[in-house]
Amino acid sequence: MLHIFPEERWEPLPPKNFPRNVQSFDSKYGAICDSLMDFTRARDLLKGKYLHAYVIKSGLQTMPYLCQLLMNFYSKLCLPYCSEKIFHESGVDRFPTAWASIISGFTKNELPLCGIEHFKLMLRHDVNFLDDHVFPCLTKACVMIKDHVLGQSVHCLAVKTLFNVNVFVGSSLVDMYAKFGRLADAQKVFDEMPERNVVSWSVMMYGCIEMGDWEGALRFFKDALWHGLDVNGFTFSSVIGLCGNLTLFQLGKQMQALCFKMNHYRTGFIGSALISMYSRCGEIEGARGVFDEVLDKNVGMWNAMMIAYAHHSQTRRVFELFEEMENVGVKPNGVTFSCILYACSHAGLVEEGNLYFRKMKVYGLQPRSKHYASMVDLLSRAGKLQEAIKVIEEMPIQTESAWGALLTGCRIHGDTELGGYVADKVFELGQVSIDLHFQASNAYAAAGRYEEAAKVRMMLRDGGHRKETGLSWVEDGNRVHTFAAGERRHELSAEIYRKLEEMEEETARAGYVLKEAGVEEKIQRTRYHSERLAIAFALISFPQSRPIRVMKNMRCCSDCHVAIKFMSKCSGRTITVRDNSRFHRFQNGECSCGDYW
DNA sequence: ATAGGGTTAG
């Protein structure tokens with residue numbers, strides 16, 4: 001007798017669609033199985049438990065098929081240990097498929113070690129139980145615990161047993177190596193697969209994207225189409241996401257058309273990828289268009305649209321969407337609140353931010369580190385540095401992004417003393433990112449603690465770390481024109497620099513001057529920043545009617561921000577600059593960000 | 001009948 005729920009006294013009242021008065025054993029058994037599958041699909045824990053009790057009462061608890069259905073049910077409902085209990089007590093371990101079931105149950109429920117443990121037990125029990133179904137679970141478990149060595153031995157076992165020729169096994173191996181960041185190994189497995197399908201191509205592409213090999217990803221996508229592969233929604237959402245990352249607007253639109261033609265269009269995943277793509281290419285209206293077109297909206301789509309508005313400084317719209325979402329009955333999740341807090345932070349709305357932060361609890365959401373970090377960001381940007389420190393102290397785990405946000409706040413509001421103190425705190429954290437080290441070193445310098453600043457710089461230099469090169473780029477037809485500060489590699493360099501000098505005179509006449517001390521040096525340092533080169537290029541080569549969209553991998557410096565405002569005024573054109581965190585839409589001497597970024 | 005691989009929003 002199983003006692004999974006010993007506290008329950010059940011005098012069974014069968015669930016509605018469960019036939020109570022069936023006579024023959026077979027049809028009763030079949031009905032139980034059908035109902036159980038229904039309850040699994042519906043994730044109805046109560047009815048399932050009830051049925052389980054009924055199974056025991058009817059003495060059917062050793063029927064292998066039923067046991068597997070029950071195990072499956074409990075795994076799907078995130079109760080892997082209930083599944084394990086059935087497995088060990090019902091004698092179902094005579095069947096290889098039950099082993100596959102228990103192993104996958106553990107890995108799916110984020111218990112990779114238990115899964116691996118049961119795999120070892122299985123091999124000890126009977127080596128012949130090994131089949132192609134367990135390999136994908138194993139590779140997934142290896143990814144979860146980031147165990148390269150174990151992953152390799154799984155691969156090795158697959159090769160020895162020849163299961164590696166199976167397309168499922170092969171794809172999961174490719175995925176594993178890709179997630180380990182070992183693209184070359186992934187590619188090797190991929191190349192050696194005798195048979196490939198959409199998933200094999202998709203995981204390879206996704207791996208390339210994760211590793212920043214964007215061109216490689218596009219090449220794979222093209223090859224997949226070339227091989228006549230029936231690419232699906234998974235594949236498209238990756239590629240569209242990639243177009244958003246690289247701001248390849250033309251390609252992105254082609255992908256949208258292709259999705260439409262291949263009937264993958266109206267899903268939440270594609271929808272949110274498209275919204276993000278349009279938004280990242282500066283086309284906020286286009287993003288809204290997609291949002292309105294896709295009728296079956298999931299949370300992801302609402303979130304994507306909200307973050308799009310936030311990036312474009314249309315804060316009011318973000319709040320409107322949130323309200324609409326509530327009215328329609330879509331339940332916001334943690335990411336939703338990240339979007340809102342981000343929006344508040346970039347509009348300086350401290351009170352609203354506080355309100356929404358508290359509102360999380362109403363939705364049963366526990367604020368996570370990133371939400372605390374957003375609050376710190378919001379408060380420190382608004383100059384409420386002491387309150388920001390309080391939030392950090394409240395955090396369950398203090399993260400580097402929170403301290404980083406506070407450092408940024410100190411810099412913006414010129415509180416050098418506090419900045420130095422925060423930098424000390426950063427080093428107490430131990431392992432932190434290179435970016436934060438640079439920030440801390442700048443904070444020391446600002447606080448006049450030059451020796452410490454130099455020490456940090458030295459440490460970074462000895463570690464071989466350098467700042468990422470600032471780049472700006474513009475899409476023109478089939479070509480992406482990339483610029484770095486002060487470089488003259490572009491074939492139109494001469495004209496570009498001439499245009500910049502011309503603009504300098506024009507903007508000076510319009511009133512553009514640098515206010516700070518050390519002006520001459522600063523002009524020299526900033527006049528050929530990469531975004532200015534890109535804008536100048538667009539000014540001389542784009543027709544007047546074409547909007548200018550410049551993308552940048554770093555934050556726009558305040559001097560360029562002013563300069564571009566004047567450039568937009570003098571040239572009478574709308575210039576959109578996307579830096580690494582948000583959008584600036586310059587129009588007639590004004591910027592959409594309201595100078596708060 | 002049963003068990004297997006990949007995705008979005010930050």
Side-chain angles (χ1 to χ4, degrees), chain A residues 29-30 32-34 36-37 40 63-73 75-76 83 87 92 95-105 107-108 129 131-140 143 163 166-176 178-179 196-207 209-210 231-242 244 264 267-277 279-280 287 291 294 297-308 310-311 332-343 368 370-371 373-374 401 581:
Chain A
Y29 182 67
I32 294 177
C33 294
D34 288 351
L36 196 50
M37 280 196 278
T40 309
M63 302 295 280
Y65 175 51
L66 199 46
C67 284
Q68 282 193 52
L69 285 184
L70 279 168
M71 284 170 61
N72 185 21
F73 170 76
S75 300
K76 281 263 166 65
S83 181
F87 178 74
V92 77
F95 299 91
T97 54
W99 286 92
S101 209
I102 189 76
I103 293 168
S104 86
T107 36
K108 271 187 195 143
F129 276 16
D131 71 355
D132 46 0
H133 279 75
V134 291
F135 280 99
C137 303
L138 285 175
T139 53
K140 208 174 174 178
V143 170
F163 281 118
N166 178 290
V167 65
F168 280 84
V169 178
S171 302
S172 55
L173 284 169
V174 173
D175 179 52
M176 181 185 76
K179 292 228 167 96
R196 302 181 196 110
N197 62 12
V198 213
V199 180
S200 333
W201 289 91
S202 297
V203 293
M204 201 59 225
M205 268 175 55
Y206 191 72
I209 292 175
E210 284 291 286
V231 286
N232 59 18
F234 283 84
T235 334
F236 273 119
S237 52
S238 296
V239 184
I240 293 169
L242 177 60
H264 292 299
T267 71
F269 269 100
I270 302 280
S272 41
L274 278 172
I275 290 170
S276 152
M277 189 276 291
S279 160
R280 301 179 89 164
F291 181 76
V294 181
K297 301 181 188 40
N298 63 6
V299 210
M301 274 194 65
W302 288 91
N303 290 346
M305 197 60 235
M306 279 164 68
I307 200 68
H311 277 150
N333 63 13
V335 179
T336 315
F337 282 96
S338 290
C339 302
I340 296 221
L341 293 177
Y342 175 91
R368 314 266 301 230
K370 60 186 173 199
H371 300 111
S374 295
S401 53
S581 79

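What you see below is based on every heavy atom in this structure, not just the backbone, and it leaves out hydrogens, waters and symmetry mates. Order of the sequence lines sets the chain letters (A, B, ...), proteins ahead of strands, with each chain counted from 1.
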Side chain A:Asn197, main chain A:Ser200, donor-acceptor under 3.5 Å: yes
A:Arg196 atom CZ, over 12 foreign heavy atoms within 6.0 Å: yes
Options B:dG4, B:dT8, B:dG10, nucleotide nearest the side-chain atoms of A:Cys137: B:dG4
Polar pair under 3.5 Å, donor/acceptor by atom type, side chain A:Ser237, base B:dT7: yes
Sugar-phosphate, base or nothing in reach of A:Lys140, heavy atoms under 4.0 Å: sugar-phosphate
Proximity to the side chain of A:Val199 - top-ranked nucleotide from B:dG6, B:dT2, B:dA9: B:dG6
Nearest to side-chain heavy atoms of A:Phe269, which nucleotide of B:dG5, B:dG6, B:dT8: B:dT8
Touch class at under 4.0 angstrom, heavy-atom based, for A:Lys179 against every strand present: sugar-phosphate
Candidates B:dG6, B:dT8, B:dG5 - which lies nearest the side chain of A:Phe234: B:dG6
Donor/acceptor link under 3.5 angstrom from A:Ser171 side chain onto base of B:dG5: yes
Sugar-phosphate only, base, or nothing, as touched by A:Tyr206 at under 4.0 Å among non-hydrogen atoms: sugar-phosphate
Nucleic acid contacts - residues 64-73 of chain A versus DNA chain B, non-hydrogen atoms under 4.0 Å: A:Tyr65, A:Gln68, A:Asn72
Nucleotide B:dA9, atom P - distance to CD1 of A:Ile340 in whole Å: 18 Å
Candidates B:dG6, B:dA9, B:dG5 - which lies nearest the side chain of A:Ile307: B:dA9
Polar pair under 3.5 Å, donor/acceptor by atom type, side chain A:Asn232, base B:dG6: yes
Side chain of A:Lys370 (C-beta onward), nearest among B:dG4, B:dG10, B:dA3: B:dG10
Atom-pair distance (CG on A:Leu242; P on B:dA9), nearest Å: 12 Å
For A:Phe337, ring pair (Phe, Tyr, Trp, His ring centres under 6.0 Å) partners two or more places apart: A:Phe322, A:Tyr363
Touch class at under 4.0 angstrom, heavy-atom based, for A:Val167 against every strand present: base
Protein-nucleotide distance (A:Phe291, atom CZ; B:dA9, atom P), rounded to Å: 16 Å
Side chain of A:Met37 (C-beta onward), nearest among B:dT2, B:dG6, B:dG4: B:dT2
Side-chain donor-acceptor pair present, A:Asp175, A:Ser172, cut-off under 3.5 Å: no
Sugar-phosphate, base or nothing in reach of A:His311, heavy atoms under 4.0 Å: sugar-phosphate
Test ring pair (Phe, Tyr, Trp, His ring centres under 6.0 Å) applied to A:Tyr342 - qualifying residues, sequence neighbours left out: A:His311, A:His346
N/O donor-acceptor pair, side chain A:Ser338 with base B:dG10, under 3.5 angstrom: no
Selected nucleotide, minimal atom distance to A:Tyr29 side chain, candidates B:dA3, B:dA1, B:dT8: B:dA1
Proximal nucleotide (of B:dG10, B:dG4, B:dG5) relative to the A:Asn166 side chain: B:dG4
